[in-house]
Amino acid sequence: MKVMKFGGTSLGKPQRMHEVSKLVTADTEPKIVVLSAVSGTTNALVTISDLLAKGDRTTAKEKIDALEQQYHLFINELVSTENRKAIAQNILQEHFEFLNIILRISYSEALSKDILAQGELLSTKLFSTYLNEKGVKHILLPALEFMTIDMNDEPQIGNIRVKLTQLLKQNINQQLFITQGFICRNAKGEVDNLRRGGSDYSASLIAAAINASACEIWTDINGMHNNDPRIVDKTIPIEQLSFDEAAELAYFGAKILHPASIWPAQQFNIPVKLLNTMDPSAPGTLIKSEAASKGVKAVAAKDGITAIKIRSSRMLLAYGFLRQVFEVFEKYRTPIDMITTSEVAVSVTIDNDAYLKDITRELEVFGTVEIDREQAIVSIVGNEIAADANTLSKVFESLKGINVRMVSYGGSAHNISVLVTGAQKNQVLKQLNSGLFGLF
Ligand code: ADP
Ligand code: ASP
Ligand code: MG
């Protein structure tokens, strides 16, 4: 059995949904199809939720109505018979009524998760309606019945496996299953999600849970490129990556994959393929345990980073100093991405600054604390990067004219990271594109 995940742009227009139906019925291998929300929907739902949080019900209502209008146009072209149009209209009615009811309830974090879940619930039900019109036999699997996270928001892979296996067993003769990406249930049993872009993570977790033959991530580009195509003009697709390389790229900003989406596939050794819905015959990128070759494969960047420098004259003699520093971050459940040390200071970076005030207050006990916001981590990723003695000099050569605030090298054989100001990020990506890949 394989898993096929389709992102928002692959479902963004009724015609795209028609194409997706062709792709999922192209062969007879049993499959679980994971769908994101139609592109733009989750953003719209986030806006609605934010407006409600601010108490602006009038604008929230306008946004809900506008979204509903878009969906009415969508279903008109999605299905053609009156019967199916009526079914699709009922689906819209059910979900938009829900949003309108929420308008009247006082806002809470839990309610906002319910709002965000509507996108995937809608896309899967509408796709299922279209498949029914085409006479394609399938089963709609509710993700909220098997996709669970624990108290630390970590997916419960064992539990997911048990529940999903039960659901599949109840439909033993079925070949095609459709389910929602992104959404899940948390430890309190409430509707929750796997964070933005989380459908990739859903797909990988499902693939791991059922020991799938492959996890295919279908999107709007022909695989992982060597650089961010939104920023750099000339980028090229990468044929093959190891799990480690792909995980580093996803974690350090390659938007094509959710940051955590590689580990489940890696743990259960399930090949991941990045494929293009707009060009299904393109080879895309294959991600598996072995790297195809040594050397630098790609660069990626992560925005919105905060750098924290703790300067302490006591550090020189104080073993246990770093432990105390790390404990502060642990207490506020804030992961550290980069770290550099000297005799008198330690610099770390974080991308979640929700507890920055508390963290700063506690760090000030150890010495002076300096904060730099709006930084960017640019990562150069590959396999055994250090194997080529020239890589480091090429990287620094490429960074000419850039103020590099931190460098991380040697932490793994797959990554060199530099910290620059957010304003310099695009320029750094461009300079690395020419310096490392000869692409202009
Ligand atoms: P989906 O809606 O299918 O989940 P995403 O928008 O999340 O799609 O991811 C695909 C997008 O990721 C591409 O359109 C591309 O602009 C962006 N992207 C960023 N970095 C890379 C990269 N290194 N390789 C390929 N795509 C990338
Ligand atoms: N719809 C969700 C989002 O936009 C999940 C996803 O697309 O992967 O973040
Ligand atoms: Mg995505």
Side-chain angles (χ1 to χ4, degrees), residues 4-13 16-17 19-20 23 34-47 49 67 112-113 115-124 143 147 179-184 192-206 216-239 241 245-261 272-279 282 284-285 287 296-303 378-382 425-426 429 432-433 437 439:
M4 297 174 87
K5 175 259 168 179
F6 294 88
T9 40
S10 304
L11 305 161
K13 296 203 171 81
R16 298 246 66 90
M17 264 199 190
E19 291 300 318
V20 169
L23 289 170
V34 179
L35 300 187
S36 296
V38 166
S39 61
T41 300
T42 311
N43 285 345
L45 294 168
V46 168
T47 307
S49 166
L67 191 62
S112 93
K113 306 281 176 65
I115 297 174
L116 263 56
Q118 302 310 305
E120 273 70 12
L121 293 169
L122 274 168
S123 65
T124 44
M147 190 57 75
T179 192
Q180 299 84 22
F182 182 58
I183 62 173
C184 61
D192 210 319
N193 62 63
L194 301 174
R195 311 280 163 91
R196 296 304 308 271
S199 297
D200 304 327
Y201 200 13
S202 304
S204 174
L205 288 163
I206 292 169
E216 297 180 353
I217 307 285
W218 289 83
T219 181
D220 61 352
I221 187 165
N222 51 349
M224 179 76 79
H225 280 217
N226 73 304
N227 204 328
D228 193 326
R230 295 166 300 176
I231 295 164
V232 177
D233 285 337
K234 182 94 187 80
T235 61
I236 46 169
I238 306 164
E239 233 168 88
L241 287 169
E245 290 170 320
E248 299 263 12
L249 284 169
Y251 187 74
F252 287 107
K255 192 200 170 213
I256 187 170
L257 282 172
H258 177 282
S261 59
V272 176
K273 293 176 192 167
L274 307 182
L275 297 160
N276 188 354
T277 331
M278 326 291 163
D279 183 8
T285 301
I287 301 165
V296 173
K297 305 280 171 53
V299 297
K302 197 169 163 182
D303 281 310
V378 177
S379 294
I380 296 115
V381 173
K425 182 193 81 173
N426 290 3
L429 289 177
L432 287 169
N433 213 43
F437 304 100
L439 295 168

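Each ligand, and each atom within it, is numbered from 1 in the order the structure gives.
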Nearest-neighbour protein heavy atom for [atom], which is reported as residue plus atom name and distance:
| atom | result |
| --- | --- |
| atom 3 (O) of ligand 1 | Thr219 OG1, 2.7 Å |
| atom 6 (O) of ligand 1 | Lys255 NZ, 2.7 Å |
| atom 12 (O) of ligand 1 | Ile256 N, 3.5 Å |
| atom 18 (N) of ligand 1 | Pro229 CD, 3.9 Å |
| atom 2 (O) of ligand 1 | Gly8 N, 3.1 Å |
| atom 4 (O) of ligand 1 | Lys5 NZ, 3.1 Å |
| atom 23 (N) of ligand 1 | His225 O, 3.2 Å |
| atom 11 (C) of ligand 1 | Asp220 OD1, 4.0 Å |

Salt bridge (charged side-chain N to carboxylate O under 4.0 Å, His left out) contacts touching residues 249-259 (sequence neighbours left out): none
Residues which pass salt bridge (charged side-chain N to carboxylate O under 4.0 Å, His left out) with Asp279, listed by chain and number, not counting sequence neighbours: none
Salt bridge (charged side-chain N to carboxylate O under 4.0 Å, His left out) partners of Glu216, counting only residues at least two apart: Lys2
Test item: Leu429 and Val299 side chains (from C-beta on) under 4.5 Å apart, heavy atoms: yes
Heavy-atom check, side chain of Thr277 versus side chain of Asp220, under 4.5 Å: no
Contact check, Leu249 vs ligand 1, heavy-atom distance below 4.0 Å: no
Spacing of Ser379 atom OG and Tyr251 atom OH [to the nearest 0.5 Å]: 10.0 Å
Asn43 versus Arg196, side-chain donor and acceptor atoms under 3.5 Å: yes
Polar contact flag, side-chain donor to acceptor under 3.5 angstrom, Asp233-Asn433: no
Any idea which atoms of ligand 1 are less than 4.0 Å away from a heavy-atom of [X]?
| X | result |
| --- | --- |
| Thr9 | 2 (O) |
| Arg230 | 16 (O), 19 (C) |
| Gly7 | 1 (P), 2 (O), 3 (O), 4 (O) |

Near ligand 2, at a heavy-atom separation below 4.0 Å: residues by chain and residue number: Ser36, Ala37, Thr42, Glu120, Phe182, Arg196, Gly197, Gly198, Ser199
Counting distance only, does the side-chain N/O of [X] pair as donor-acceptor with the main-chain N or O of [Y] below 3.5 Å?
| X | Y | answer |
| --- | --- | --- |
| Gln180 | Ala143 | yes |
| Ser204 | Tyr201 | no |
| His225 | Asn227 | no |
| Asp228 | Ala300 | no |

Contact partition for Asn227 relative to ligand 1, non-hydrogen atoms under 4.0 Å: backbone
From the candidates Ala254, Gly223, Gly197, the one that places a heavy atom nearest atom 25 (C) of ligand 1: Gly223
Enclosure of Lys113 NZ (heavy-atom neighbours >12, cutoff 6.0 Å): yes
